[in-house]
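Okay, so here's the structure we're looking at.
What's counted below: heavy atoms across the whole structure, side chains too, no hydrogens, waters or symmetry copies.
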Amino acid sequence: IFAIFIGIAGHSLLTSQRLTISSGDRLRAVSLTEEAIEAVRSIRDGDFDDLVEGAHGIRIGDDGIWEFNGSETVSSDDYTTNIVITAVDDSRYSASATTTWDFGVQRSGSVTISSTYSNWRQERNMGTWNVLLHTGTHLEDPAPNFNDVAIKGNYAFVTSEVDGGGAGLYVFDVSNLSLPTRIAEGFVLGAEGHQLLVSGNTLFVITSMPGAELQAYDVSAPEEFSAGKLIDTYNIPESGKARSIAIFGTTLFVGSQQDGSQPELYSFNVSDPSDISLLDSLNDDGSYNGITLNGGYAYIANSEDVAELTVIDVFDPSNLQFAPGIGYNLTDVPDGRAVTSFENSVAIGRSVGDVIQELALFDIADSPVPSPPPGPWYRGVGTDVHDMDRSATGKYIFVATEHESAEVQVIDSDLWRAGQMPLIASYDTDTGIGRGLVYDPIRDRLFAVTTSAFLIFSPNP
């Protein structure tokens, strides 16, 4: 009996040691892969023309800055890192860095991180969004109740409900901005799709599917999208309650509806999207309907009556904490529904109320948790706000609403702060209420979804 006990203890010790070593191997690979991605960023910042298609290694040159060297890099501890650069268009390249290792039985593997690099020095004339020029539409019949939209290159990913026959997730080719075309028509998500985003070559989708509320798809070739592109899922506790999503680097944040026993905010390591791992979670008293990240803090559109705008310290995603002061208590009790941020500002949209103004703009220059004055500045919509996004500089804030004649609205944040009439443009559609939208700074276009339509807007040239 003693020998059996010793044998079991020894096996457990060896297994634990092996797992620790394997974890260390992966962490080292993640570090080298992230270093490679940052090296490409440094090369881009030095001269965009130095980005060349093909396979590359990296090194620090004689002048002390990163440069490409050969087709791969082998570290002193025998990790091999390979960077593949691919042109997206005249002003963008995508880079995929992969680190592999093989140290014997059960000590081999690979880590891949992807990113897209634009020519930020390129001068480009941006339009004025004092008009919404409707340039393209795709109409679905019956109406699938679209929810959200994300853009990758010439493709748009759109989520929907499923009760009315919706597919849950749609893919559109938007290379022709006047005629978006649905592709991957045979794909069915099998559950409601809520918020989504694209990071590098990975599409992250929040769904209502029990046991797989968070799903990750390989979209390195969006034109080939299918169910077979699913690379990982994660079970958010309490079936189908996940609703919101945001990402910074290799850390993904997911917000969930209120639950008496389960957390509402989760942080994940997605350095390897095929192996999503939980970092931390945080419990609260409200539903986290929207998330935006700004300066190491997560700003939450919350249903909590005393903190409709909740602020979370996410500097260390493995140790999520409420920021001192927790958040801001807006007038009355309607829920926070959507949120966006830029520079030193955060804007939140709420459900309609009898005496409230549904939009609020906060100044966070002096404190991550708003502490007026200055602000807040308010704007009435007269109906529910479903989604918000902003232009690259934050001058324009785009709002999706249930307004019967202004489902998509444009707010000028400069006018808003000055106490003037901030609504500068709106669009009246007969395709249902405004449900989701995203601004694409590369094209200077706004992509929006309503109950039954996928819409594309351009600014006044």
Side-chain angles (χ1 to χ4, degrees), residues 145-148 159 161 192-196 206 208 213 236 238 240-246 253-266 282-294 297-312 322-323 325-341 346-362 369-370 375-390 397-404 406-409 411 433-437 449 451:
N145 289 316
F146 288 128
N147 279 328
D148 197 15
T159 53
E161 307 294 315
E192 296 173 356
H194 301 294
Q195 291 188 16
L196 76 169
I206 297 299
S208 63
E213 289 83 0
I236 305 295
E238 293 302 318
K241 289 196 171 185
R243 285 295 182 274
S244 54
I245 191 170
F253 299 91
V254 172
S256 181
Q257 290 184 318
Q258 183 178 7
D259 182 87
S261 60
Q262 298 294 341
E264 279 67 46
L265 182 64
Y266 301 82
L282 188 67
N283 196 15
D284 198 2
D285 293 327
S287 295
Y288 282 21
N289 297 316
I291 305 174
T292 185
L293 304 175
N294 189 313
Y297 293 90
Y299 291 84
I300 311 295
N302 195 347
S303 68
E304 172 57 37
D305 293 340
V306 298
E308 288 86 356
L309 179 66
T310 298
V311 186
I312 310 295
F322 291 104
I326 299 179
Y328 194 90
N329 180 19
L330 287 159
T331 304
D332 210 344
V333 298
D335 297 348
R337 299 287 298 271
V339 64
T340 189
S341 64
V346 173
I348 186 172
R350 305 172 69 191
S351 300
V352 65
D354 294 333
V355 296
I356 72 163
Q357 293 173 296
E358 290 78 17
L359 296 176
L361 177 67
F362 295 94
V369 175
W377 298 271
Y378 294 99
R379 164 70 187 169
V381 178
T383 187
D384 288 351
V385 172
H386 282 281
D387 200 8
M388 303 175 71
D389 201 5
R390 46 80 171 183
I397 298 174
F398 306 100
V399 187
T401 82
E402 287 195 15
H403 197 286
E404 62 180 9
E407 291 85 355
V408 181
Q409 302 184 15
I411 304 293
I433 63 174
R435 294 176 66 92
L437 48 74
V449 289
T451 307

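- There is no side-chain donor-acceptor pair under 3.5 Å between Gln262 and Asn283.
- Formation of a donor-acceptor pair under 3.5 Å by the Thr340 side chain with backbone atoms of Met388 is not found in this model.
- Although no hydrogens or angles enter the test, the distance criterion places a donor-acceptor pair under 3.5 Å between the side chain of Gln195 and the main chain of Asn289.
- Interatomic distance, Phe398 CZ to Asp387 CG, rounded to the nearest 0.5 Å: 12.0 Å.
- Among all heavy-atom pairs drawn from Ile348 and Gly336, the shortest one is CD1-CA, 4.2 Å.
- Contact check on Glu308 versus Arg350 returns a salt bridge, with a Lys/Arg side-chain nitrogen under 4.0 Å from an Asp/Glu carboxylate oxygen.
- Without hydrogens or angle criteria, Asn147 side chain to Gly193 main chain gives a donor-acceptor distance under 3.5 Å.
- In terms of heavy-atom proximity, Ala323 sits nearest to Val369 at CB-CG2, 3.8 Å.
- For Thr159 (side chain) and Asp148 (main-chain N/O), a donor-acceptor pair under 3.5 Å exists by modelled atom type.
- At distances below 3.5 Å, at least one donor-acceptor pair connects side-chain atoms of Glu264 with backbone N or O atoms of Asp284.
- Looking at heavy atoms from C-beta onward, Val254 lies out of side-chain contact with Leu265 at the 4.5 angstrom threshold.
- Here the shortest heavy-atom pairing between Pro370 and Leu309 reads CG-CD2, 3.8 Å.
- Formation of a donor-acceptor pair under 3.5 Å by the Asn302 side chain with backbone atoms of Thr310 is not found in this model.
- In this structure a side-chain-to-backbone donor-acceptor pair under 3.5 Å is missing from Asp332 to Pro334.
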*What's the verdict on ring pair (Phe, Tyr, Trp, His ring centres under 6.0 Å) for Tyr328 and Phe362, showing C-alpha distance, side-chain angles and the deciding distance?*
CA-CA 10 Å; Tyr328 194 90; Phe362 295 94; 4.8 Å; yes
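- When all heavy atoms of Phe253 and Ile291 are compared, the pair lying nearest together is O-CD1, 4.1 Å.
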*What's the verdict on side-chain contact (heavy atoms from CB on, under 4.5 Å) for Leu359 and Val385, showing C-alpha distance, side-chain angles and the deciding distance?*
CA-CA 8 Å; Leu359 296 176; Val385 172; 3.9 Å; yes
*Could you go step by step and tell me if Val311 and Phe322 meet the side-chain contact (heavy atoms from CB on, under 4.5 Å) rule?*
CA-CA 6 Å; Val311 186; Phe322 291 104; over 6 Å; no
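- Arg379 CZ to Ile397 CD1: the interatomic distance, rounded to the nearest 0.5 Å, is 12.0 Å.
- To the nearest 0.5 Å, atoms OG (Ser256) and OH (Tyr288) are separated by 10.5 Å.
- Residues meeting the ring pair (Phe, Tyr, Trp, His ring centres under 6.0 Å) test with Phe146, sequence neighbours left out: Tyr170.
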*Evaluate the criterion side-chain contact (heavy atoms from CB on, under 4.5 Å) for residue pair Ile312 and Leu282; output intermediate values, then yes/no.*
CA-CA 9 Å; Ile312 310 295; Leu282 188 67; 3.6 Å; yes
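- To the nearest 0.5 Å, the span separating OG1 on Thr401 from CG on Asp384 amounts to 9.0 Å.
- Looking at heavy atoms from C-beta onward, Val339 lies in side-chain contact with Val346 at the 4.5 angstrom threshold.
- Side-chain atoms of Glu358 never come within 3.5 Å of backbone atoms of Gly380 as a donor-acceptor pair (strictly under, hydrogens ignored).
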*Would you please test Val306 and Asp285 for side-chain contact (heavy atoms from CB on, under 4.5 Å) and show each step?*
CA-CA 10 Å; Val306 298; Asp285 293 327; over 6 Å; no
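- Residues forming a side-chain hydrogen bond (donor to acceptor under 3.5 Å, both in side chains) with Ser341 (at least two apart in sequence, or on another chain): Thr292.
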*Hey, mind stepping through Arg435 and Glu161 against salt bridge (charged side-chain N to carboxylate O under 4.0 Å, His left out) and telling me if it holds?*
CA-CA 11 Å; Arg435 294 176 66 92; Glu161 307 294 315; 3.6 Å; yes
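- Take Asp389 and apply the side-chain hydrogen bond (donor to acceptor under 3.5 Å, both in side chains) test, not counting sequence neighbours, and it matches no residue.
- Note that CD of Glu407 and CG of Leu437 are 12.0 Å apart. Values are rounded to the nearest 0.5 Å.
- Taking every heavy atom of both residues into account, Glu238 and Ser261 meet most closely at OE2-OG, 4.4 Å.
- For the atom pair NZ (Lys241) and NE2 (His194), the distance works out to 12.0 Å, reported to the nearest 0.5 Å.
- Without hydrogens or angle criteria, Ser303 side chain to Ser287 main chain gives a donor-acceptor distance under 3.5 Å.
- A salt bridge is absent between Arg337 and Glu402; no separation between the charged side-chain nitrogens and carboxylate oxygens falls under 4.0 Å.
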